[in-house]
Amino acid sequence: MKGDLVLSKAHLSYWLRQLRKEADLIAPLRSMAGDIVFSSVENIHDIVADCPANLPSPKEFLFPQMDEMYRFSPKGVERPAKNQKRVIFGIRSCDMSAVGLMDTFYGGRYEDDFYVERRKNTFFISIACNRPDPSCFCIGLGTGPFLKEGFDIQLTDLGDRYMVQVGSTKGRQIIKGFDHIFRRPKKADYDDQYEANLSCQSKFEKRITLENVRQKILAGEVPDSFWEGVASRCFQCGGCVYQCPVCTCFNVVDWKETAEKGVRMRTWDACMFKGFTKMAGNVWPAEKVATRTKRWYSHKLLHWPEQSGKFGCVGCGRCGVTCPGKIDMATVATRLEKKD
Amino acid sequence: MAGLASAFGSGAMTNSVSEIADARVIFVVGSNTTEQHPMIAMHMIEAVDRGATLIVADPRKTQIAAFAHTHLSQRSGTDVALLNGIMNVIIGEGLVDINFVRRRTENFDEFEKVVKKCTPEVAEKITGVAASDIRRVARIYATEKRSMLFYSMGITQHVTGVDNVRSCANLVMLTAHIGQPMTGLNPLRGQNNVQGACDMGALPDVYSGYQKVANVKARKKFESAWRRKLPSTPGMTMIDMFDSAREGRLKAMYIMGENPVMSDPDTSHVVEAIKKLDFLVVQDIFMSETSELADVILPAVTFAEKDGTFTNTERRVQKVRRVIRPMYGAMPDWKIISELSKKMGYDMGYRAAHEIMEEAALLTPAYGGILHHRLETFGLQWPCPDADHPGTPFMHRKKFAKGLGTFNPIEFTPPDETTDTAYPLILTTGRLRFRYHTATMCKRTATLEREEPECFVEINPKDAEKIGVRSGNPVKAVSRRGEIVVKALVTDITPEGIVFIPFHFRAAAVNLITSPAVDPVAKIPEFKVCAVKLVPVIPKPGERPKNHYNRKEDLKILNELYEEPEIPS
C-alpha cells in the first residue's frame, strides 16, 4: 500500500525514545509476578513487544477506572486537565478495534468531553498480532489479528524488522521527522507481511461467528431458560464488564475530602450489578441475575449491530480468562451456536 | 478448630484448592460458597463441568444449592442428625473402608453404637430431609474415591458447632476420604488471614502452631526464646472476656481489627460489658462501632502499607508486600505491638517482618521451613518442617497429626432455643455477597453500598401469607432478647419455618436479638439458630414506621463516612 514503511528492529528503541520526549510512553511491561500490564515506561528495554495477552485492557488510559471530573472548593469549581500527551505502544489489534468502538460511543452522537480530550492526545502504535492466546477469537469478528483500517500506526513483525502502516493523520504526526530510520518497503517485505498474516490466522483455537448467534437470538430460538442457566453460574463479580475493552458504564460519585472541598469523580460501573438500574421508590428493574446477563449479551450481540453495524465485542477473550463461572462470551456463543 | 483437632490433631483444610476441579464428588455442608468463597466455588463449578456430582446441605436454597445436583434442606441446627443418618447408611450397607478404619483410627465401636440408632428414618423426622435422599447421598459420597467434603460457618456457628465438625471428621474417616489428593475435610475460612492468625497462636490455649500452653515442653521452649516466665493456664475466650468484663473482673481490653459490638451475639450485653471496662484500646484501619467506645484508638495500616504474610484457607503462606508508605503516621501492627512492649519494659527488638517470621519458623514445627525468601512466587503450604521441604498439598498422608484418628460418638442434641407458639420461626443469620462483615470497610464504597443498601428479612411465601406481609413491608423481628424492624423480602430461597437476616447492618443490627448461647468447647456463639416471631408493622398512611428509616441516624453515618482523618503536621 502507498505510504507503507519498514523499520529495522534495531531502530525501534531509538524511535520510541524520541517519542517519549514529547509524550508519556505507555507499553506492555512484565510485572514482578509475571503478568503483562500496560504502564508508563521507565526503561525502553523492559518493553515486551511480543507479549501474550494482557489482562487489564488498555481502556483505562482513555476511560480510567477512577476519573476526577471536577474539584470543588469555596473558590469555585475547577476541571482537572486531561491533556497529557500519550503514546501507547504495543496494543493488539482487538484493543485497537475496541478503541474505535469506544469512539462511536463516547465521541459519536453525544460527545463526552473527558473522553474526547484524552482521545485527542493519545496516539496508538498497534501490533498485528502473531501470538493469539487460546482464549482469543477476534478472527471471527474481523477485529484482528491485523487491521485494515482504524489504527494510527500498525506494526507487523517480520523477524528482524517491522512493516509500518500508517492509518490516520495522527499516525502521520508521529512518524514525521523520522525519515532517516524508515525506508520504503520492497517486494520481499510485502511477501513476508503476507506470510506473517497468514500464519497467525492459522493459530486460532476458537472459531466463533457471532452473526450466527445473533440470527439465532433474533429468530427467538434462545428461551429465557437458557439465560437462567447462565445466571445460575454467575458470581456477580462484574469482572466481564471491568475487563471488557468495549464496556463503557460508569457511575458518578462525590467525595468530600474535607468539610469544604471535594471531588466529583466517575468510576467504572457494571450493568451486572442489580443496583445499576435502581430507581427511586425502591424499584429494581433488573433484580433477577438472568435479566442482567441476558441484557449484557443482548447489548453486545443485538443493540450494537443495530446502532453501529458492529458487534459490541472484539474477541479479545478477556471475559473468558476472568469469569469464574465460565459464562464468558466465547463459551456462551459456542453453546448457542451448537444449540438447535 | 477444636473439633478437627480432637479428631485429627490439626485444624485446617486438609487438601488444596487446586485439587477441587479434579474431584468426583463435592459435598458442601453449611457454606454459601458462591457468595462467600467465590474462588473455591469457581473450582467446584469447573469440577461439575468435568462430571463431578455436587451435593449441598443447607437449609436455604443458596445459589450453590440451586446449582447442585442434590440439595438437602435440613432444619437449622440438625446437622448432626443428618450426618449420623448418612453414616448409618454407610455402615448398614457395608460401604465403610474397613482397612482404613482398622489401621488408622480408634474408638470405632463406641461410635458405631451411637450411629446405629440414627437410621435415615429417624434422621428424616429430625432434619426434614427425605430418608431416600439421605440414602442416595450416602451411597454417592462413599462409593466414589475422590470425594471432598467442605464446611463453613453454617455448621460451626451452633451450640453443637464442635459436634458438627467432629461428625464431619467421622464421615471422612469412615470412608477413608482423607490423606489422599481430591479428598479430605475442608473448612473454608472466611478472611484472608484467619488461618494465619490461628496458626500464629491467636487463640487462648495455644502458642503458634497449636502447641498447647498447658504442655510443659512447649512452654519451656517459648520461655527460653522469650526470656520470660509464661503462664501455664489458658487465657479467656472472647465470650468469657465479655462476661468477666460485665462482672467487673476484667478491667482493660485491647481489640485489634475486630468490631465485636456488631459481630457478637446479643449486642446490648457486649456494649454493657465494654462500658464497664476501665480502659479500652482499639486498633483498626477505620472507625467502627467498637472504636467509638474506646479510650485510645491506634491507627493501623492497610494491606498495601505493610510487609508480612497471609495464610489462606488451604494453609498456603503467601507474602504481602508494601507498595505505598504508611499514611498519616499509622504503623504496621507488628510495630505497634513491639513499640508498646518496649514502653512496658520488654524490648522485642524486631526491625522488620522477616525477622518475626524467622522466629516463628524457629519455634513452630509446622512453619519450620517457611521463611520470607522462599515465598516469592506462590508461597508454601504448611506443614513445611525444614528449609528444603516443598510444602504439603494434602495432610495426614500416612498417619494423622496425632497418630490415630479418633471417632467421636456424637448424639444429636437440639439447638439451644427451640420454636414454640410464642416464637414460631427459626431465625438464622448470615452474610451477603456485597457486604463484608460489619461493613467497616465496604460501606465506604459507593457501588457496594448501592447493591444492598438496607437490611431485610427473607421469608418464605407461605410464612409471609400467614403473617400477612408482602415484599418491602416493614416487619418487626422479635426474639426473647429484643426486637428489630426490617424490611420483608418474600422469597423461596428460605424454606418454610425459617427466616434469614444478614448481620451486616448497623441500622438493624440482628445481633440485638440473636442468642448468646455458645458451644461449650469452642465458645463459638449460636448465630444460626434463634427462635423469633415476626410482627408486621403496618404504617398508617403518611406516617413512617418507627426505627425503620431514621434520617438523623443516616446523616450521622454519612458524616462519619466523609470525615477525613486529620493529617498530623
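Fair warning: this is a prediction, and the values are worked out from it, not measured in the lab. Lettering follows sequence order; numbering is per chain, from 1.
By the neighbour-count criterion of 12 heavy atoms within 6.0 Å, atom CZ of R470(B) is sparsely surrounded, having that number or fewer from other residues, nucleotides or ligands.
By number of non-hydrogen pairs under 4.5 angstrom with chain A, the leading residue of E35(B), M39(B), E46(B), E452(B) is E452(B). Most heavy-atom pairs under 4.5 Å with chain B: of the set V289(A), D269(A), T267(A), this distinction falls to D269(A). Contacts with chain A were tallied for A66(B), A41(B), A446(B); A41(B) has the most, counting heavy-atom pairs under 4.5 Å.
Of the atoms belonging to K274(A), heavy atoms from both backbone and side chain fall under 4.5 Å from chain B. Heavy atoms of A231(A) lying under 4.5 Å from chain B belong exclusively to its backbone. Looking at T377(B), there are no atoms closer than 4.5 Å to chain A (heavy atoms on both sides), in backbone or side chain. Of the two parts of F434(B), only the side chain, counted from C-beta on, holds a non-hydrogen atom closer than 4.5 Å to a non-hydrogen atom of chain A. Proximity to chain A is absent for every atom of E376(B), based on heavy atoms less than 4.5 angstrom apart.
In this structure, the separation between CE on M42(B) and NZ on K326(A) is 6.5 Å, given to the nearest 0.5 Å. Rounded to the nearest 0.5 Å, atoms CG (D49(B)) and CZ (R233(A)) are 4.0 Å apart. Note that CH2 of W284(A) and CD of E451(B) are 6.5 Å apart. Values are rounded to the nearest 0.5 Å. One distance of note links OG1 of T33(B) with CZ of F235(A); it measures 9.0 Å at 0.5 Å rounding. With rounding to the nearest 0.5 Å, the separation of SG in C234(A) from CD in Q63(B) is 7.0 Å.
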| Full working for side chain to side chain contact (heavy atoms under 4.5 Å, CB included) between V253(A) and R450(B) | CA-CA 12 Å; V253(A) 284; R450(B) 184 189 67 191; over 6 Å; no

